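None of these values were measured; they are calculated from a predicted model. In what follows, chains are A, B, ... by sequence order, proteins preceding strands, each numbered from 1.
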2 protein chains.
Amino acid sequence: MAEKAQPAKKPQSRADREADRRRVILRAAVEVFSRKGYHGCRIQDVAKEAGVAYGLVYHYFKNKDELLESVFASGWHGFLGRVQAEILRDQHIAARTRAIVHVAFEAYRRDPRAVKVLILEVGRSPAGGAVNRGSAFSEVIVAAAQMFEEAQRRGELPAHLDPTLCATMLFGCIEMGLTSFVMGIVDKRDDAAIDRARDQVTETFLHGITGAQPAAAAPASAPRAVEPPSKPRLPRTGH
Amino acid sequence: MAEKAQPAKKPQSRADREADRRRVILRAAVEVFSRKGYHGCRIQDVAKEAGVAYGLVYHYFKNKDELLESVFASGWHGFLGRVQAEILRDQHIAARTRAIVHVAFEAYRRDPRAVKVLILEVGRSPAGGAVNRGSAFSEVIVAAAQMFEEAQRRGELPAHLDPTLCATMLFGCIEMGLTSFVMGIVDKRDDAAIDRARDQVTETFLHGITGAQPAAAAPASAPRAVEPPSKPRLPRTGH
DNA sequence: CTGGAAATTGATTCCAGAATCAGCGCGGAG
DNA sequence: CTCCGCGCTGATTCTGGAATCAATTTCCAG
């Protein structure tokens, strides 16, 4: 694994080797978690996968939970950071949305197993686990919601939409899209398929939000409450 | 918790009482699972919640897994059935889509805790568990995909869209929408909020798929592979 | 070279909690 | 009224696996 482009070779200081080990164990954990699930695997499995003694795992991680926590943190962190960066960019909402979707699908392309763990495993951390699916998703969703809100102020997005709900839908599409890959519903590692999925998700979502009617007549059922369409709408939009 | 308001009546036959017990335990399981999660709770907790002896749980369910399985089956089953019914109805794709979303949100309104368990807990059934999130979602998604495909044949939906992906996005929006309620991101039991969410999800999604362009130019980043933009539209966008 | 500190090992301990089982008592049949 | 059997009970047993720890090896400084 050590593709750590070590210039010459040898003199990894203690600290270096230590960090290395840590990384090896972390990688092994991702692998094993993605294969058998957090609860379905033993620390022993992780140790074996890492080619390391059982006890060493405990040298680097306080306990199994902390291991999961670390796996999650290292993975989610990068993702969150990249998404935040896109959100803060000064661009049209459509561009930023595209970029966010791109980041997510790119992450999947780079390391499907890690994405699988993030999507499937994290979130079931025992009560009190500080980092869990809930708070994690909250973070991105809140951030994205702010982005949409700002877009509304700029007039790039219809005012009648709930920004938080927009964010929710965006990540819902992304998550489920990736889930269907992870689950094999859509089929594995077809790069073209990934691209196609990404583009359809992006464009469908964008077209949906930029042109959605303020809850038109709903033949389905349910009396609608709320939201007098104060701002007739953004120009362009469909048809 | 025995709010089983059994004032006078008594003469339930053996069989009745038996079925009753089973139901009581099942309800208790939903309650406990939703509160502490499948792995985070003990059979003892379920027994206590049901006001029943520890051993009795094993009288009605072979083991803990089967208990979860039953909880899932009873919940998912109803949902799947109702969705299937809507899918098979002979109506315009928009109407059917609205109905599906409606079913999902109505289920949440009726029993949020059950929905929470379905969304959050099921899916990690130990290796081999027949019923799990994967196969479950597969089922609805495949069914919905057929619906979209048929809609395309009828000309109710642009032909360039991948039907499976449409289904994926639809349930992605639904799931994440409900998740945000379950998680409290959007806030609890506000009936109006539920309605609003349902409508926005529905209309945004519908508008998105019925009018989406086939992957336009992407100013964002990422050199897009695939999809020669035959229709170079979607002007607005970037900067 | 040498001492000892840190890294590494895996057998051992310990325990949560699943699953079992030997009765108990209620309610219905005779 | 009495006796039988089955729904029901919960203490007891058993197990898998997390966490510990004493022993061993590796590595570096002096």
For B:Asp45, all residues meeting salt bridge (Lys or Arg N to Asp or Glu O under 4.0 Å), sequence neighbours excluded: B:Lys36
Between the first and last five pairs of the helix from C:dC1-D:dG30 to C:dG30-D:dC1, the angle of the axes, rounded to 10 degrees: 10°
Phosphate OP1/OP2 of C:dT8 contacted by A:His59 side-chain N/O (<4.0 Å): no
Base-contact (B) and sugar-phosphate-only (S) positions in nucleotides 17-24 of chain C, heavy-atom cut-off under 4.0 Å, - elsewhere: SBBB----
Side-chain ion pair, A:Asp195 and A:Arg109, N-O less than 4.0 Å: yes
A:Leu67 side chain reached by A:Leu26 side chain, heavy atoms, under 4.5 Å: yes
B:Phe61 CZ - D:dC8 P separation (whole Å): 13 Å
Can you give me every donor-acceptor pair (side chain of residues 50-61 of chain B, partner residue at least two apart or in another chain, under 3.5 Å) with its distance?
none

Whole-Å gap separating C1' (D:dA19) and CG (A:Leu56): 14 Å
With sequence neighbours excluded, residues passing ring-ring contact (aromatic ring centres under 6.0 Å, His included) with B:Phe79: B:Trp76
Length of the line joining B:Tyr60:OH and D:dC6:P, which is rounded to integer Å: 14 Å
Length of the NZ-P vector between A:Lys48 and C:dG10, whole Å: 11 Å
Listed partners of A:Phe33 passing ring-ring contact (aromatic ring centres under 6.0 Å, His included), at least two apart: A:Tyr38
d(CZ, B:Arg21; C1', D:dC6) in whole Å: 13 Å
Short N-O contact, B:Glu49 and B:Arg35, less than 4.0 angstrom: yes
Cationic N near anionic O, under 4.0 Å, B:Arg96 to B:Glu150: yes
